[in-house]
Every structure is written in C-alpha cells, then in structure tokens.
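Keep in mind that what you see is a predicted model, and the values were worked out from it rather than measured.
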Amino acid sequence: MDPIELDAIDLQLLDSLQRDASLSNVALAEKVNVSPPTCLRRVKRLVDGGWIERQIAVLNADQLGAALGHGLTALVEVSLDKQGAEHLGAFEARAVAHDAVQQCWRVSPGPDFMLVVQAADMPHYLSISQALFTQDANVRNVKAFFATKRAKFTTTWPVRH
C-alpha cells in the first residue's frame, strides 16, 4: 500500500478523532467542514493507511481503581545483562504479553526498558515482578517508581500546527 500524504483536512480529522472517537460521521464532517460522504471516505482512507491504529474507550483510572482495586501504578526501569537482539526480544515479548504491563518502551541511554505497570496493590506488584523480573536470569537490574499522583495523562499527539 502506498503511503498517503496528509493534508490539512486529514490532520483535522486525526486531531478530532483522537480527542473524541465517539463523534458521529455527521458531527465530525461539520467539525472539519466537509460533507459527510467525504468525511467517511477520508476516515476510511486514514484507517486503511494505518494512521488510525484503533479506536478505544479511555477509562477513568480513579473510578476504576476505586471499584476494582487497581490502585498502584509503577514506572519500572529494567536493565538486562545481555543486550543482544534475541535477549531484548525475549524480554519484550514476555513484558507485552503480561496484562498488568500497560506500556513497554525500549529506551536508550540508561536502562533497556521502561514499563508502566498497573497493580491492585503491593502484593500484586510483587507477583508481577516475580513473573517478569526474577524468573529471568538475564534481568540485571530493576528500579521501580510508584506513582503518588497522576497530574496528566493523555493519548493525544499534537497533529495540528
């Protein structure tokens, strides 16, 4: 598939959809000043072109945590003993497969990975850490930081200039 070039309308569509993907096609078309059929065609083109990865609902972390006990967020630095591609890939595969890992980033310089881990409480975090870090002889160092307050969280990218 040939990559598409984004114009101002495409950028407005992407910006609007990342802020509220529940907008109807008619409302979205009005917002970016195009006809509904044009809007539908352009959004389909953006989806087919891979610009829109998926549409999801972002849950309220405070309410969910209060209801389900998911009250501990850890930002975890992980350094591996061996950094060969197969070792990095093996750890990454294990981390992304674990439901408690919300984000997994390979980073440089410093640690090899940064993880965002969501746990119900400290005993739950301990079981997650044992599954991810202590069962792997290649994990050299783990440094966890526990969030005390989430001041900002967003999934939006600055696409409009």
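Here Ser108 pairs with nothing under the side-chain hydrogen bond (donor to acceptor under 3.5 Å, both in side chains) rule; sequence neighbours left out. With sequence neighbours left out, Glu30 forms a salt bridge (charged side-chain N to carboxylate O under 4.0 Å, His left out) with no residue at all. Residues forming a side chain to side chain contact (heavy atoms under 4.5 Å, CB included) with Gln130 (at least two apart in sequence, or on another chain): Leu126, Thr134. Not counting sequence neighbours, Gln102 has no partner by the side-chain hydrogen bond (donor to acceptor under 3.5 Å, both in side chains) test. Residues passing the side-chain hydrogen bond (donor to acceptor under 3.5 Å, both in side chains) test with Ser79: none are found, sequence neighbours excluded. For Thr155, there are no side-chain hydrogen bond (donor to acceptor under 3.5 Å, both in side chains) partners at least two apart in sequence or on another chain. By the side chain to side chain contact (heavy atoms under 4.5 Å, CB included) test, Gln103 pairs with Trp105, Val116, sequence neighbours left out.
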N/O donor-acceptor pairs under 3.5 Å from side chains in residues 139-150, not counting sequence neighbours:
none

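Listed by first then second residue, pairs satisfying ring pair (Phe, Tyr, Trp, His ring centres under 6.0 Å) with a partner in residues 75-94 read Phe91-Phe113, not counting sequence neighbours. Each salt bridge (charged side-chain N to carboxylate O under 4.0 Å, His left out) pair with one or both residues in residues 31-46, not counting sequence neighbours, appears once here: Asp7-Arg42, Asp10-Arg42, Asp10-Arg45, Lys44-Asp48. A salt bridge (charged side-chain N to carboxylate O under 4.0 Å, His left out) check over residues 16-28, counting only residues at least two apart or in different chains, returns the pairs Asp15-Arg19. Residue pairs meeting the salt bridge (charged side-chain N to carboxylate O under 4.0 Å, His left out) criterion with at least one member in residues 92-114, sequence neighbours excluded: Glu92-Arg106, Arg94-Asp136.
Here the CH2-CG distance, from Trp51 to Leu11, works out to 8.5 Å after rounding to the nearest 0.5 Å. Atom CD of Gln118 and atom NE2 of His124 lie 9.5 Å apart (nearest 0.5 Å). Atom NZ of residue Lys82 and atom CG of residue Asn138 lie 6.0 Å apart, to the nearest 0.5 angstrom. Atom CG of Leu17 is separated from atom CG of Leu46 by 8.0 Å, given to the nearest 0.5 angstrom.
Contact of the Asp121 side chain with the Leu72 side chain is not registered, since no non-hydrogen atoms from C-beta on lie closer than 4.5 Å. Between Val159 and Leu6, every side-chain heavy-atom pair lies at or beyond the 4.5 Å cut-off.
Leu132 and Val107 are assigned to two separate hydrophobic clusters, defined by single-linkage of ILVMFWY side chains at heavy-atom distances under 4.5 Å. Both Val34 and Leu13 sit in one connected hydrophobic cluster of ILVMFWY residues. Membership requires side-chain heavy atoms under 4.5 Å apart, directly or through other members. Cluster annotation: Ile56 and Val43 are assigned to distinct hydrophobic clusters (Ile/Leu/Val/Met/Phe/Trp/Tyr, side-chain heavy-atom contacts under 4.5 Å, transitive). Taken together through direct or relayed side-chain contacts under 4.5 Å among Ile, Leu, Val, Met, Phe, Trp and Tyr, Leu59 and Phe153 form parts of separate hydrophobic clusters.
What you find for Ala119 and Tyr125 is that their closest heavy atoms are CB-N, 3.8 Å. Minimum heavy-atom separation, Asn25 to Leu40: OD1-N, 3.3 Å. Considering every non-hydrogen atom in both Pro111 and Val78, the closest pair reads CB-O, 3.6 Å. In terms of heavy atoms, Ser16 sits closest to Val32 at OG-CG1, 4.3 Å.
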For this session: Under the side chain to side chain contact (heavy atoms under 4.5 Å, CB included) rule, what do Thr38 and Ile9 come out as? Steps first, then yes or no, please.
Result: CA-CA 10 Å; Thr38 297; Ile9 302 262; over 6 Å; no
For this session: Step by step, work out the side chain to side chain contact (heavy atoms under 4.5 Å, CB included) result for Ile52 and Leu14.
Result: CA-CA 8 Å; Ile52 297 172; Leu14 290 172; 3.7 Å; yes
